[in-house]
Amino acid sequence: MKKEDIKKLAENENFIPGIYNYCDRWCERCPFTARCMNFAMTREYSDDPEASDLNNEKFWQSLSDIFKVTRELVEETAREMGVDLDNIDFEESAREEDIKDKITENHECCQAAKTYYEMVTEFFESEYIPALQVVDKEHIANTAELQKSDILDGPPTLDEVVEIIHGYQHFIYVKLMRAVRGTLGNAEEEWEDFPKDSDGSAKVALIAIDRSMAAWGHMHQFLPSHQDRIMAIIVHLERLRNRTETIFPEAI
Ligand code: SF4
């Protein structure tokens with residue numbers, strides 16, 4: 001794909017600007033693929049099996065092509081905006097970035113999101129795998145038959161529940177880091193008329209929390225004997241949800 005092709009694609013008014021920054025990257029289940037420029041670009045490459053194969057030279061060639069085009073676009077945009085890409089005080093900006101990174105990492109929401117993904121890892125290592133050795137397989141099948149999930153087309157199987165939990169396990173932390181980090185810069189003040197990036201990131205983190213809580217609810221029905229541990233995780237998510245809503249009221 002050439003620079004001109006990307007620019008032409010970007011002119012398509014059907015695309016929602018920046019939608020890929022506020023989604024869960026679960027393209028297989030996304031209703032907005034037709035309105036996402038990122039999806040259109042990646043499909044261009046993924047339609048070619050050789051260009052998606054890590055062991056094929058064509059994959060690395062296409063990656064190198066994307067890099068070149070991206071660089072050209074950055075240089076062109078910088079020229080248009082009068083930004084000198086060579087004039088950066090690296091030491092000063094690195095210091096500032098370090099301070100912001102520390103503040104972000106220590107923020108209560110980010111800490112709680114980190115605790116969540118650690119709780120998930122611990123659950124799957126210490127409870128889930130041993131539980132599957134003794135679990136009543138018939139109970140799992142019957143439970144799946146009875147379930148109707150509002151986020152899935154059909155009844156969620158245990159595998160699907162696990163997939164959802166793992167899909168969002170680290171995602172919540174990453175999005176909350178972005179949300180908190182976004183409140184520390186000056187960029188947002190320059191774009192007062194637009195919705196804030198931090199609110200968009202918090203919003204998508206909240207959606208991921210909701211879906212994770214629903215998945216844990218299903219997990220509870222699959223593994224009722226592990227109620228205490230599962231409930232502790234759900235309560236933790238609920239607290240994280242409440243704090244996130246309080247700190248980012250515009251994200252609700
Ligand atoms: S198609 Fe994929 S990248 Fe685009 S908005 Fe949907 S989930 Fe996000």
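Count residues from 1 along the sequence. Note that ligands are numbered from 1 as they come in the structure, with each ligand's atoms numbered from 1 the same way.
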Taking every heavy atom of Ala113 against every heavy atom of Leu240, the minimum-distance pair comes out as CA-CD2, 4.0 Å
Heavy-atom side-chain contact between Ile209 and Glu238 under 4.5 Å:
no
Measure up the Trp26 and Tyr168 rings against each other and bin them: parallel (under 30°), tilted (30 to 60°), perpendicular (over 60°).
perpendicular
Tell me the protein N, O or S atoms under 2.8 Å from atom 8 (Fe) of ligand 1, in chain and number order.
Cys23 SG
Under 3.5 Å, is there a donor on one side chain and an acceptor on the other for Gln169 and Ser212?
no
Ignoring hydrogens, what is the shortest heavy-atom contact between Asn14 and Ala34? Give both atom names and the distance.
ND2-O, 3.3 Å
Would you indicate whether the side-chain heavy atoms of Phe248 and Lys196 approach each other to under 4.5 Å?
no
